[in-house]
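The structure under discussion appears below in the form of structure tokens.
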Amino acid sequence: MRVLMISKALVAGTSQRKLEELAKCPGVELTLVTPAYWQSDDGSKQVLERLYTRDYRMMVTPMALNGHFHSHFYPQLGKIVREICPEIVHIDEEPYNFATFQAMRLAHKHKAAALFFTWQNLYRTYPPPFRQLERYNYRHAALALVGNLDAQEVLRRKGFHGPIRRIPQFGFDLEIYRRSEPRPLRAADTPFTLGYLGRLVENKGLMVLLEALIHLPECCRVVFIGNGPMRSELEAQAVRLGISDRITLKAGVPTYEVPKELQQLDVLVLPSLTRPNWKEQFGRVLAEAMACETPVIGSNSGEIPHVIDDAGLVFTEGNAHELAACVRRLLADPDLYAILASKGRQRVLERYTQERIARQTYEVYLEMMDRQQRVTEWQEQHTSPVE
């Protein structure tokens, strides 16, 4: 089974473990196409990290329009497809992106079964040419992978009639995301650190976290770890609220340093806010923190409650008083704190490991191969022989 995966997201080294696990599956010959870097719209540059590269082939190829989410593409992709002759093309991109259209056309031309992945959990229409690209991809995809429940509903509403399987884009390596040493018992007067790790943007609800801090005991602190346009706004708001001595802003860290940062937090908070054009699609940092046995608190935006389930606390988005109440519960109840720390890691172990995600993806490949074989047999049976 020759599989070609196309993914800019796999410049992140910790996500590459899924590919090693996929390559272990019977009969899989896996090739990854990825760029040397991805230029994010917040100004940061994610350079390719080669952390897990065993048993599959990684092809680093130029990307045109790097940093343009909708319109980037790979000038050498046609040559690569001709070389690999894939049976399955796994396009790790949204269906309305030009890179998906490029790969889908090549897959169709070379008679390979193709799938795309989507996080899009809001119904949105796109201007030309992206609307037409999206429709083409819907017509020619053998299957769609979705990262959340709402994305499945969006695809059906938009007219995708093929099979849909709900599998997160990447799992989590529990050898990396784990607590390196037991958490020490906390004395009543020691700092209690609330943390946020991610992009510093408005829809992540960071102002709600600052507002919650003014309703919490003096021992509570907030650490923001990340880059983005809200940094100066957060600093100014902390001054206005009189809590600037209780917050810390740190620059974003490479993916391999994330577990260390999460272990230093007493609780990870994801206070996302739903907007007309966005709601939380998964909340990857929640699972990362849960794997590190750091309890999590999240708003009820999008997929967050489904990720957390009963392994953390959920509050109504935008409600700083509810968020503060969740924190106070953890402060007042050490047993609850310990239970959530344990249940969080167990939930990741059961649902979100790289091994589990890889196995589910492999089963999708088998399903696609079986369907492709049946289509080929039907075509052979109903094609008149040439005299």
Side-chain angles (χ1 to χ4, degrees), residues 1-38 46-63 66 72-94 97 99-100 102-104 106-107 110-117 141-145 147 165 167-177 254-256 258 284 288 352-370 372:
M1 181 193 300
R2 295 183 302 279
V3 179
L4 179 64
M5 183 180 293
I6 303 153
S7 176
K8 66 181 182 296
L10 280 162
V11 296
T14 52
S15 298
Q16 295 160 7
R17 176 67 182 276
K18 182 179 85 169
L19 302 190
E20 288 193 345
E21 296 300 326
L22 263 174
K24 294 177 184 177
C25 296
V28 172
E29 299 175 23
L30 177 62
T31 300
L32 167 69
V33 167
T34 194
Y37 67 92
W38 172 252
Q46 172 71 68
V47 177
L48 174 64
E49 303 166 338
R50 297 174 182 264
L51 293 187
Y52 296 96
T53 59
R54 293 179 304 174
D55 302 325
Y56 70 93
R57 182 182 181 187
M58 177 185 288
M59 299 184 70
V60 182
T61 189
M63 172 187 283
N66 195 312
H72 69 276
F73 65 98
Y74 299 89
Q76 299 299 316
L77 188 58
K79 178 181 177 182
I80 292 170
V81 171
R82 289 191 298 273
E83 176 187 340
I84 302 300
C85 295
E87 296 167 281
I88 291 176
V89 178
H90 184 145
I91 310 167
D92 199 25
E93 290 280 353
E94 295 284 347
N97 287 350
T100 310
Q102 179 196 21
M104 191 71 69
L106 287 168
H110 293 273
K111 296 181 170 54
L115 65 84
F116 62 80
F117 179 90
L143 185 142
L145 296 179
R165 301 293 176 261
I167 304 174
Q169 188 176 20
F170 301 113
F172 302 87
D173 186 342
L174 295 191
E175 291 301 311
I176 296 175
Y177 291 97
T255 56
Y256 57 82
V258 167
R284 180 176 176 83
E288 292 172 339
Y352 301 127
T353 64
Q354 296 284 23
E355 295 85 350
R356 179 173 175 80
I357 301 303
R359 185 68 195 184
Q360 289 176 309
T361 304
Y362 174 63
E363 290 169 357
V364 164
Y365 293 167
L366 292 176
E367 179 183 349
M368 292 170 67
M369 291 289 288
D370 179 66
Q372 188 83 337

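Hydrogens, waters and symmetry mates are skipped; everything else that's a heavy atom, side chains included, is used.
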Keeping to residues at least two apart or across chains, list the side-chain hydrogen bond (donor to acceptor under 3.5 Å, both in side chains) pairs with something in residues 354-364.
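The answer is R17-E355.
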Which atom pair, heavy atoms only, marks the closest approach of [X] to [Y]?
X	Y	answer
R284	G171	NH2-O, 3.2 Å
L174	T353	CD1-CG2, 3.9 Å
F170	A9	CE1-CB, 3.7 Å
T255	A12	CG2-CB, 4.1 Å
F117	D92	CB-OD1, 3.8 Å
L10	L48	O-CD1, 3.9 Å

In Å and rounded to the nearest 0.5 Å, what is the [atom1] to [atom2] distance from [X] to [Y]?
X	Y	atom1	atom2	answer
T14	E288	OG1	CD	7.0 Å
I91	L77	CD1	CG	8.5 Å
K8	H72	NZ	NE2	4.0 Å
R54	Y52	CZ	OH	9.0 Å
E94	F116	CD	CZ	8.5 Å
Y352	I357	OH	CD1	8.0 Å

Which atom pairs, donor and acceptor, lie under 3.5 Å between side-chain atoms of residues 83-90 and protein residues at least two apart or in another chain?
| from | atom 1 | to | atom 2 | distance (Å) |
| --- | --- | --- | --- | --- |
| E83 | OE2 | R57 | NH1 | 2.9 |
| E83 | OE2 | R57 | NH2 | 2.9 |
| E87 | OE1 | R2 | N | 2.8 |
| H90 | ND1 | Y365 | OH | 2.7 |

Can you give each donor-acceptor pair under 3.5 Å made by side-chain atoms of residues 23-34, sequence neighbours left out, with the distance rounded to 0.1 Å?
| from | atom 1 | to | atom 2 | distance (Å) |
| --- | --- | --- | --- | --- |
| K24 | NZ | E21 | OE2 | 3.2 |
| T34 | OG1 | S7 | O | 2.8 |

Which is it for D370 and L366 under the side chain to side chain contact (heavy atoms under 4.5 Å, CB included) test, yes or no, and what are the steps along the way?
CA-CA 6 Å; D370 179 66; L366 292 176; over 6 Å; no
Please check if the side chain of Q16 supplies one atom and the backbone of L51 the other of a donor-acceptor pair under 3.5 Å.
yes
Backbone of Y74 reached by a side-chain donor or acceptor of Q102 within 3.5 Å
yes
Test log, rule side chain to side chain contact (heavy atoms under 4.5 Å, CB included), inputs Y177 and V258
CA-CA 8 Å; Y177 291 97; V258 167; 4.0 Å; yes
Taking it one step at a time, do L19 and M58 satisfy side chain to side chain contact (heavy atoms under 4.5 Å, CB included)?
CA-CA 10 Å; L19 302 190; M58 177 185 288; 6.0 Å; no
Side-chain contact, heavy-atom cut-off 4.5 Å: Y56 with M5?
no
Between Q76 and M59, does a side chain to side chain contact (heavy atoms under 4.5 Å, CB included) hold up when you go through it step by step?
CA-CA 11 Å; Q76 299 299 316; M59 299 184 70; over 6 Å; no
